[in-house]
There are 2 protein chains.
Amino acid sequence: MSDRSQRRRELTRAEIKGAARAQLVKAGPSAISLRAIARDMGITAPALYRYYPALDSLILELCTDLYVELRLACEGARDLVPAEDHVKRLQDMAREFRRWVLAHPAETALIFGPPMPGVEQFHEQCVDLSHAGAQFGQIFIDPLLALHAQGRLPVGKALVEHEEVPADVYTFFLNAWTQFYGLIMAEAFGHLSWAVTDAEPLFEAQLEAFTESLVS
Amino acid sequence: MSDRSQRRRELTRAEIKGAARAQLVKAGPSAISLRAIARDMGITAPALYRYYPALDSLILELCTDLYVELRLACEGARDLVPAEDHVKRLQDMAREFRRWVLAHPAETALIFGPPMPGVEQFHEQCVDLSHAGAQFGQIFIDPLLALHAQGRLPVGKALVEHEEVPADVYTFFLNAWTQFYGLIMAEAFGHLSWAVTDAEPLFEAQLEAFTESLVS
DNA sequence: TTAGATTAGTGAACACCGTTAACGCAAGGA
DNA sequence: TCCTTGCGTTAACGGTGTTCACTAATCTAA
């Protein structure tokens, strides 16, 4: 296989993923369909099997891409803040996280919702830092480690062990993570629409409470 | 239509929902299929349209049933605690909420996950207390109102208005709600499997932190 | 009791879906 | 030049929700 054709192949794979994402955005995760993708590309459905062994693997790769995109967005927001200001870096990453989620509800449903046929494997395969999901989590752990080194993390219980991160830092991270995950996902999934039209004040209040929980 | 046949009709509707739930439990929300239900019942698929106008409406009714079941479970746990001990009532309701969710992952994915074709309408229709979703939320609000009357709720910002509940109580409720929703759903959806095998210590720690946040 | 209306069920059909198999065609390398 | 490899096709299998036309049974009212 020549370089030329290999590059062409990679281009086609990208086009397939692009079409899949268009389906996802237009009609939700369950609407991703090989036949519709093929129709959009002007080819027939079986041809797609030259590039992906099954629909599941396509969705799995799409998940990875989305996690990378989300991480890059948060890193972009982070890098606008001076590297020493770990607190504001965390705040702006969380804000960008929420912004991205609300701007991409369908993508969020895919990667943060309950396990779907192709997505289930994604989270099962998340074992080390080479995994896109772990890399996303890491960008939030890093500033916490820096704050910990400065003694600014409140001493709490160490409930969860981790190979590289001190257990108390990791526990602190998980507590904060699930807290923001809950607010953002409840808002994104429409489970707060009965209570509030705009959850931003709640989010900002939570962010403020988080900041105040840090040792200054 | 006679009473006799109307009762028989309601019985068939219940049998349909039972078959649908069996599909749900066995293979997830997207596996609920009219043809499979019909097959299980020994009839043909079009016959089901005598009882439900479409698959969506069946799923919608199933959602309502599940919310009622979840509420009854939590109320059952609540009623084992003396009516005056509002704090322990809240704790045990939260524990039962988590227990039910972990024992029913498929049902949880349906009613607490991202919007599916039939479920979307469910949350949109949640406008007053006649809605099963609102009734579920109410059982958590009631003890908070009692604590508020005793002056045991910490004074916080009033960010969210509500017709019947004071805004500061409602804000406190939403903050606590999203916090526990986050931890429980992250666990149920497998988004914590990379970090921890059993999230119960994290949950109990959050519960304890919540309790300590109350004025004693 | 009989005639008419209502109800529950059937089978065929349409338009989708993922996936597999067999086949043709064109480009690449020996 | 041959012939292997890759890319695409058509046909087909079994699955899905849904609609339509029709039958058989049951319930109602004259």
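Here is the naming used below: chain letters follow the sequence lines, and residue numbers restart at 1 for every chain. Source: prediction; values computed, not measured.
With rounding to whole Å, B/Leu48 atom CG is found 9 Å from C/dG9 atom P. Note: CD1 (B/Ile16) to P (D/dG17) measures 13 Å, nearest angstrom. The separation between B/Ile32 atom CD1 and D/dG15 atom P is 19 Å, rounded to whole Å. The separation between B/Arg13 atom CZ and C/dA8 atom P is 11 Å, rounded to whole Å. The CG-C1' distance, from B/Leu58 to D/dT16, rounds to 15 Å in whole Å. As rounded to whole Å, 13 Å separates atom P of D/dC27 from atom CD of B/Gln6.
In summary, the aromatic rings of B/Phe97 and B/Tyr181 are positioned with their centroids too far apart to meet the 6.0 Å limit.
Partners of B/His148 according to the ring-ring contact (aromatic ring centres under 6.0 Å, His included) rule, which considers only residues two or more places apart in sequence or in another chain, do not exist here.
The side chain of A/Thr44 contributes an N or O atom lying less than 4.0 Å from OP1 or OP2 of D/dT9. For the OP1/OP2 pair of D/dC7 and a distance below 4.0 Å, the side-chain nitrogens and oxygens of A/Arg9 include at least one atom meeting the criterion. Considering only side-chain N and O atoms, B/Tyr51 lies under 4.0 angstrom from the phosphate OP1 or OP2 of C/dG9.
Using a cut-off of 4.0 Å between Lys/Arg side-chain N and Asp/Glu carboxylate O, B/Arg89 and B/Asp79 are scored as salt-bridged. Under a 4.0 Å N-O distance rule, the pair B/Glu96/B/Arg99 qualifies as a salt bridge.
Distance alone, capped at 3.5 Å, is enough to place a donor-acceptor pair between the B/Thr12 side chain and the B/Arg8 backbone.
For the residue pair B/Asn175/B/Gln179, the side-chain donor-acceptor check at 3.5 Å is not satisfied.
If you check every strand for non-hydrogen atoms under 4.0 Å, A/Tyr52 touches nothing. Using a 4.0 Å heavy-atom cutoff across all strands shown, A/Ser33 reaches sugar-phosphate atoms only and no base atom.
Taking a 6.0 Å sphere around CD of A/Glu161, one finds it holds 12 or fewer heavy atoms contributed by other residues, nucleotides or ligands.
Non-hydrogen atoms lying under 4.0 Å from DNA chain C are contributed by B/Ile43, all within residues 36-43 of chain B.
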Can you give the donor-acceptor pairs under 3.5 Å from side chains of residues 46-60 of chain B to other protein atoms, not counting sequence neighbours?
{"unit_1": "B/Tyr52", "atom_1": "OH", "unit_2": "B/Glu61", "atom_2": "OE2", "d": "3.1"}
{"unit_1": "B/Ser57", "atom_1": "OG", "unit_2": "B/Ala54", "atom_2": "N", "d": "3.4"}
{"unit_1": "B/Ser57", "atom_1": "OG", "unit_2": "B/Ala54", "atom_2": "O", "d": "2.8"}

Can you give me every donor-acceptor pair (side chain of residues 111-127 of chain B, partner residue at least two apart or in another chain, under 3.5 Å) with its distance?
{"unit_1": "B/His123", "atom_1": "NE2", "unit_2": "A/His191", "atom_2": "ND1", "d": "3.1"}
{"unit_1": "B/His123", "atom_1": "NE2", "unit_2": "B/Ile111", "atom_2": "O", "d": "3.4"}

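A distance of 7.5 Å separates CG in B/Leu24 from CZ in B/Arg21, rounded to the nearest 0.5 Å.
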Anything under 3.5 Å between a protein N or O and an N or O of nucleotides 26-30 of chain C, put it in a table, one pair a line.
none

Check the interface with nucleotides 18-23 of chain D: list each N/O to N/O pair with the protein under 3.5 Å, or write none.
{"unit_1": "D/dT18", "atom_1": "OP2", "unit_2": "B/Tyr49", "atom_2": "OH", "d": "2.7"}
{"unit_1": "D/dT18", "atom_1": "OP2", "unit_2": "B/Leu55", "atom_2": "N", "d": "2.9"}
{"unit_1": "D/dT18", "atom_1": "O5'", "unit_2": "B/Tyr49", "atom_2": "OH", "d": "2.8"}

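Figure legend: cation-pi geometry between B/Arg98 and B/Phe180 absent, as NZ or CZ is not positioned both under 6.0 Å from the six-membered ring centre and within 45° of its axis.
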